[in-house]
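Some notes on the structure that comes next.
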Amino acid sequence: MSNTTLRVVLGLTVAALILATAPLWAGRADLRLIGEMMSYLALAVLWNLLAGYAGLMSVGQHAFVGLGGYVLVIGTVSMGLPPLATLPIAFVVAGLAAAAFALLLFRLVGAYFAIGTWVAAESVALVFAGVPAWGGGAGISLPADVVRSIAETREMREFVVYWLLCGLGIGTLSAAYTLIRSKPGLALMALRDNPTAAVSVGVNISRIRFWTYVMVAALTSVVGAIIFLQKLRVSPQAAFSLQDWTVAVIFIVVIGGIGRLEGAIVGTAVYFLLRETLSGYGVFYLIVLGVVAILVVSFSGRGIWGLVERHLGWSLLPTGRRMSA
Amino acid sequence: MIETSPATALHAIGLNKSYGALAATRDVSLSVPAGSALGIIGPNGAGKTTLFNLITGAVRADSGEITLFGEDIARFDARRRCLAGIARSFQVPQPFTGLTTYENALIAAAFGRALSEKAARPHAREALERVGLARKADMPAGNLTLLDRKRLELARALATGPRLLLLDEIAGGMTEAECSELVELVREIRDAGVTIVWIEHVLHALLKVVDRILVLDFGKVIAEGPPETILRDPHVTSIYLGPEEIQA
């Protein structure tokens, strides 16, 4: 193992340990907040792979968050499955749905693709809103016995969900890092920087795009299932919320640094910092978010991390290959 | 019937490509013997780069046949043509700007040769050494000078292990000294057995390397032959060269 790899593994392990032991030193509200940050970190890492690397500007990822939430509820309520058993199902269902979407959406490029993903997401939401057995437009709650099956006490249940979210946040980040350090990662970086040149040196960009889209959707759906395991209730509006699961995530990645793994981390930190300090100010909070977004993208196409990287030469998760090595 | 001899590196018959009413190439045929170098000249907009796009598969021809060392590649997409041994350098260099020089070459070696990343490393290193970029291997490709970007185009093409190398105006914008350096490099590559097709406006550079010249105008081949014949062809000189250039 090289020195840099060792440092990254060590860094991620320490972060995981600190997060995992948080129930010992942090309060309930703090745990909820950290858990939420972790869920956004995971969503941001995934959207960054999709848009920042594979060049697929999807604005319809809420389709898969919602799908995950509904798989959780339908699996537990209608099929009597334990909540955790629904996670792999969410993964598979969303992966298959994404593969089906890809058949249609991959015929579109650029802005047309973006709009297509949005329309696809709204269609999925309409389907779930239209089935009375799944709560229709009002939504459906997890029954008490299902909730208890997660853990007996409320405290323990919150810990379990918290740990799942942390595992997901750190796990997604580690997986993305491993991916970018592997050969498919080279293809993704080539695709990010110059699709024309990538094709001309033999990179199969349709295959890498397809699999990125499918895998990101599958994992996004697992994140969704765990998010709603915490909320204990799904409704079409909440599960398929454009603002919560797509717009916020795009904000995070774009201000943090699109096309850089560190971008998701920085963006999540900035987003929550702004939200926690300004949420009491109503509309003013949204104005600040907008101003921050405009300022950041005006000065750096690669977000805050792009500036840090350019001027300070820092790298938290180095993915570079050196000839000398 | 199309000739399928492996001694012919590239054989194209009747390549047509139109964009709406505009015919970018019209019935273009060409044959390049293995190990030789063909120069392509013609005015701007004559269809030279389109021809390259048709050969590499970046753009699909409306009609026409094309073989590479006797193998029919007409139905191959750009990626499979690269794997079959066609590499190109772009007229405007297209580096992966967020990556280092070495990573640029590594990607070409890994995907162009279908190798694991580890197995691709020596090929990437060799390509950079060959074009004289080894000392800048770990520099961001976005920071390279124009000459170095052109070198990188070559290195990346070489890293894919090409049998046929298509060069698109690599001498353009170079100083005299830089130009001679590139010419030397292209000769070395040809001498190593790589077949070359080279689009170039800088004629004196082209003439130091190529065995034959093909002239395109309005998408059509208007002449093809040894440089001395072509440069004296009145049809060619009237539309392209101008009277002074032949005397030089």
Side-chain angles (χ1 to χ4, degrees), chain A residues 2 4-5 48 52-55 178-210 257-263 300-303 305-307 309-311 313-315 317-325, chain B residues 52-53 56-58 77-84 86-90 92-121 124-125 128-129 133-138 140-142 152-153 156-157 159-162 166:
Chain A
S2 77
T4 43
T5 316
N48 197 13
Y53 287 86
T178 311
L179 172 68
I180 297 300
R181 300 256 329 237
S182 71
K183 189 182 167 189
L186 284 178
L188 278 169
M189 288 190 289
L191 192 50
R192 172 194 70 189
D193 285 354
N194 195 325
T196 310
V199 174
S200 87
V201 297
V203 176
N204 192 340
I205 67 171
S206 353
R207 188 171 70 179
I208 194 99
R209 280 192 166 138
F210 176 80
I258 191 165
R260 294 289 180 278
L261 289 176
E262 291 91 342
S300 168
R302 296 251 172 243
W305 190 256
L307 287 176
E309 199 179 53
R310 182 140 35 97
H311 295 294
W314 291 0
S315 187
L317 298 167
T319 55
R321 278 77 165 170
R322 300 190 85 77
M323 187 161 98
S324 39
Chain B
F52 268 17
N53 286 336
T56 59
D77 62 10
R79 188 185 65 87
R80 282 181 70 199
R81 291 192 195 187
C82 172
L83 288 167
I86 299 180
R88 84 182 294 180
S89 76
F90 288 95
V92 177
Q94 305 273 349
F96 302 123
T97 45
L99 299 173
T100 65
T101 307
Y102 172 64
E103 287 165 332
N104 270 262
L106 185 64
I107 287 168
F111 291 93
R113 293 174 189 257
L115 293 175
S116 74
E117 191 179 325
K118 189 163 180 237
R121 283 180 202 155
R125 179 195 296 260
L128 291 180
E129 280 166 356
L133 271 182
R135 278 184 309 116
K136 295 173 182 166
D138 295 327
L152 179 56
E153 282 290 310
R156 219 169 44 184
T160 65
L166 309 177

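Throughout, protein chains are lettered first and strands after them, A, B, ... in sequence-line order, and every chain is numbered starting at 1.
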task = Please name the pair of heavy atoms, one in B:Phe90 and one in A:Ala197, separated by the smallest distance, quoted to 0.1 Å.
result = CE1-CA, 4.1 Å

query = Looking at B:Leu115, B:Asp77, B:Thr100, B:Asn104, which has the largest count of heavy-atom pairs under 4.5 Å with chain A?
reply = B:Leu115

ask   = Any side-chain heavy-atom pair from A:Arg192 and B:Leu99 closer than 4.5 angstrom?
value = yes

request  = Give, as side chain, backbone, both or neither, the part of B:Ala120 having an atom under 4.5 angstrom from any heavy atom of chain A.
outcome  = neither

message = For a side chain to side chain contact (heavy atoms under 4.5 Å, CB included) check, start with the C-alpha distance between B:Arg79 and A:Val203, then their side-chain angles and the critical distance, and finish with the verdict.
response = CA-CA 6 Å; B:Arg79 188 185 65 87; A:Val203 176; over 6 Å; no

task = Counting only heavy atoms closer than 4.5 Å, note whether A:Arg310 contacts chain B via side chain, backbone, both or neither.
result = neither

query = Taking C-beta and beyond as the side chain, do A:Val201 and B:Ile107 meet within less than 4.5 Å on heavy atoms?
reply = yes

note = chain A shares the most heavy-atom pairs under 4.5 Å, among B:Thr56, B:Ile86, B:Thr101, B:Thr97, with B:Thr97

ask   = Which value, rounded to the nearest 0.5 Å, describes the distance between B:Glu153 atom CD and A:Ser200 atom OG?
value = 7.5 Å

message = How long is the straight-line distance from CD of B:Gln94 back to CG of A:Asp193, given to the nearest 0.5 Å?
response = 11.5 Å

query = Does a side-chain N-to-carboxylate-O contact under 4.0 Å join B:Glu117 and A:Arg321?
reply = yes

query = Which region of B:Ala87, side chain (C-beta onward) or backbone (N, CA, C, O), has a non-hydrogen atom less than 4.5 Å from a non-hydrogen atom of chain A, or is it both or neither?
reply = neither

query = Which bit of B:Pro95 comes within less than 4.5 Å of chain A, counting heavy atoms only: side chain, backbone, both or neither?
reply = backbone

request  = Can you see which heavy atom on B:Cys82 is nearest to which on A:Gly202, and at what distance?
outcome  = SG-N, 3.6 Å

request  = Would you mind checking which part of B:Ala58 comes under 4.5 Å of any heavy atom in chain A, side chain (CB onward), backbone (N, CA, C, O), both or neither?
outcome  = neither

inquiry  = Is the shortest side-chain heavy-atom distance between B:Phe111 and A:Lys183 below 4.5 Å?
reply    = yes

